[in-house]
Amino acid sequence: MITRQQWAMAGWTLLILAIFAFILYLMGRIPFGTDGIGLWTSNAQGNDTSQLFADPYSWSHFLHGIIFYWVARRLFPRLKLHHWFFIALLTEVGWEIWENTPFIINRYRETTAALGYTGDSIFNSVGDVFFMMIGFAVAHKISWRWAIGLFIVVELIMLLLYRDNLTLNVLMLIYPIDVIREWQMGL
């Protein structure tokens with residue numbers, strides 16, 4: 001049976017997501033990719049990346065959820081799970097809004113292998129938040145040791161399959177390294 005608190009959490013989550021989508025719309029983000037509605041693309045460098053609901057970078061957002069869970073739990077040990085969840089949700093929503101500003105879009109184009117990046121569709125940004133929520137839920141169910149192991153496995157798989165992962169994404173955004181960028185582009 002669903003409790004009152006769970007209904008309240010679901011309601012607040014949906015309200016936050018609706019406000020988030022509206023903010024992205026006001027920022028000029030397109031609702032869906034130019035090719036329409038789609039659920040998944042496996043091409044990390046394709047036109048559908050950041051346009052469909054999920055793409056290879058959805059795994060990075062899954063890892064955000066793991067990170068946010070353990071950081072919130074560590075920084076705010078007296079708070080309850082639903083408080084940690086809303087801290088994670090608002091952090092991810094904040095990142096998604098910032099990620100779709102001209103500053104970050106241009107930064108990705110200048111410093112990473114994402115030369116044609118134009119920002120996310122609203123559908124993709126909501127998908128990214130959804131994957132963060134899944135990561136958060138998984139982190140709540142596993143120990144910190146398993147969380148670290150899972151983080152490493154996902155990062156290695158992304159590195160092998162896509163020549164990119166959360167670690168490289170953050171590194172290249174903050175401190176670009178030409179050799180890494182060339183390797184990522186297959187040069």
Colleague: For F53, run the ring pair (Phe, Tyr, Trp, His ring centres under 6.0 Å) check against F123, F32, W40 and tell me which one passes.
Modeller: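 It is F123; the other options fail the test.
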
Colleague: When you look at CG of N47, are more than 12 heavy atoms from neighbouring residues, nucleotides or ligands closer to it than 6.0 Å?
Modeller: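 Count not over threshold, so no.
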
Colleague: Can you hop from Y25 to L15 via hydrophobic side chains spaced under 4.5 Å?
Modeller: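 Yes: a chain of side-chain contacts under 4.5 Å links Y25 to L15.
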
Colleague: Assigning hydrophobic clusters by single linkage (Ile, Leu, Val, Met, Phe, Trp, Tyr; side-chain heavy-atom cutoff under 4.5 Å), is W7 placed with W12?
Modeller: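 No, no single cluster joins them.
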
Colleague: Say you draw a straight line from CG of L14 to CD1 of I19; how long is it, rounded to the nearest 0.5 Å?
Modeller: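 One finds 11.0 Å between CG of L14 and CD1 of I19.
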
Colleague: Are L26 and I30 co-members of a hydrophobic cluster defined by side-chain heavy atoms under 4.5 Å apart?
Modeller: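 I30 and L26: separate clusters.
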
Colleague: Verify, without hydrogens or angle tests, whether Q51 (side chain) and G119 (backbone) share a donor-acceptor contact under 3.5 angstrom.
Modeller: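 Looks like yes, one N/O pair under 3.5 Å.
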
Colleague: Testing the basics here: between M9 and F86, what is the closest heavy-atom pair and its distance to 0.1 Å?
Modeller: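 Heavy atoms of M9 and F86 come nearest at O-CZ, 3.7 Å.
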
Colleague: Got a list of side-chain donor-acceptor pairs under 3.5 Å for residues 150-159, not counting sequence neighbours?
Modeller:
from : atom 1 : to   : atom 2 : distance (Å)
E155 : OE1    : L166 : N      : 3.0
E155 : OE2    : T167 : N      : 2.8
E155 : OE2    : T167 : OG1    : 2.4

Colleague: When rounded to the nearest 0.5 angstrom, what is the spacing between CE in M185 and CZ in R163?
Modeller: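 The CZ atom of R163 is 11.0 Å from CE of M185, to the nearest 0.5 Å.
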
Colleague: Can you see which heavy atom on Y162 is nearest to which on A44, and at what distance?
Modeller: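 Smallest heavy-atom distance, with atoms named: CD2-CB, 3.8 Å.
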
Colleague: Which value, rounded to the nearest 0.5 Å, describes the distance between I122 atom CD1 and L17 atom CG?
Modeller: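 Separation between the atoms: 12.5 Å.
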
Colleague: With rounding to the nearest 0.5 Å, note down the distance linking OH in Y117 to CZ in R107.
Modeller: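 So the OH of Y117 and the CZ of R107 are separated by 14.5 Å.
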
Colleague: For residues 69-80, which side-chain N or O atoms pair as donor and acceptor with protein atoms under 3.5 Å away, sequence neighbours left out?
Modeller:
from : atom 1 : to   : atom 2 : distance (Å)
Y69  : OH     : R73  : NH1    : 3.0
Y69  : OH     : H140 : ND1    : 3.2

Colleague: A side-chain contact here means heavy atoms from C-beta on lying under 4.5 Å apart; do T91 and M132 qualify?
Modeller: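 They are not in side-chain contact.
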
Colleague: What I'd like to find out is whether the side chain of W183 reaches to under 4.5 Å of the side chain of L168, using heavy atoms alone.
Modeller: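 A side-chain contact exists here, since the closest heavy-atom pair is under 4.5 Å.
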
Colleague: When you compare the side chain of W95 with that of H61, does any pair of heavy atoms fall below 4.5 Å?
Modeller: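 Sidechains of W95 and H61: in contact.
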
Colleague: Please evaluate residues D48 and N43 with respect to the criterion side chain to side chain donor-acceptor pair (under 3.5 Å), reporting the C-alpha separation (whole Å), side-chain torsions for both, the decisive distance (0.1 Å), and the verdict.
Modeller: CA-CA 8 Å; D48 286 339; N43 187 349; over 6 Å; no

Colleague: Is there a path of hydrophobic side-chain contacts, each under 4.5 Å between heavy atoms of I/L/V/M/F/W/Y residues, joining W84 to L89?
Modeller: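 Both belong to a single hydrophobic cluster.
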
Colleague: Shortest non-hydrogen contact from G33 to S121?
Modeller: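 Taking every non-hydrogen atom into account, N-CB, 4.0 Å.
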
Colleague: When clusters are formed by joining ILVMFWY residues with side-chain heavy atoms under 4.5 Å apart, either directly or through shared neighbours, do F103 and L173 land in the same one?
Modeller: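 In one cluster: yes.
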
Colleague: Using every non-hydrogen atom in the two residues, find where I16 and V93 come nearest and quote the distance to one decimal.
Modeller: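 Heavy-atom minimum between the residues: CG2-CG2, 4.2 Å.
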
Colleague: Less than 4.5 Å apart, side chain to side chain, heavy atoms only: is that true for I87 and F68?
Modeller: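 A side-chain contact under 4.5 Å is absent here.
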
Colleague: Would the distance check show the side chain of E92 and the main-chain N or O of V129 forming a donor-acceptor pair, the cut-off being under 3.5 Å?
Modeller: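 Judged by distance alone, no pair lies under 3.5 Å.
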
Colleague: In Å, rounded to the nearest 0.5 Å, how long is the span from CD1 of I66 to CD1 of I142?
Modeller: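 The CD1 atom of I66 sits 5.5 Å away from the CD1 atom of I142.
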
Colleague: Are M133 and F85 close enough that some pair of their side-chain heavy atoms sits under 4.5 Å apart?
Modeller: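 The answer is yes; the side chains approach within 4.5 Å.
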
Colleague: Looking only at non-hydrogen atoms, find the nearest pair between S58 and D128 and report the distance.
Modeller: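 Nearest pair, atom of S58 first, then D128: OG-OD1, 4.2 Å.
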
Colleague: Checking D164 against Y57: is there a side-chain donor and acceptor pair closer than 3.5 Å?
Modeller: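 Yes, a side-chain donor-acceptor pair sits under 3.5 Å.
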
Colleague: Between T111 and R181, which heavy-atom pair has the shortest distance, and what is it?
Modeller: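 Heavy atoms of T111 and R181 come nearest at O-CD, 4.0 Å.
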
Colleague: Would you say the side-chain atoms of R29 pair up with the backbone N or O of D120, donor to acceptor, closer than 3.5 Å?
Modeller: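 Between the backbone of D120 and the side chain of R29 there is a qualifying donor-acceptor contact (under 3.5 Å).
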
Colleague: What distance separates T49 OG1 from N124 CG, expressed to the nearest 0.5 Å?
Modeller: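 It is 8.5 Å, given to the nearest 0.5 Å.
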
Colleague: So, D55 side chain and S50 main chain: donor-acceptor pair closer than 3.5 Å or not?
Modeller: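 Looks like yes, one N/O pair under 3.5 Å.
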
Colleague: Can you tell if the side chain of N100 reaches within under 4.5 Å of the side chain of S125, non-hydrogen atoms only?
Modeller: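 A side-chain contact exists here, since the closest heavy-atom pair is under 4.5 Å.
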
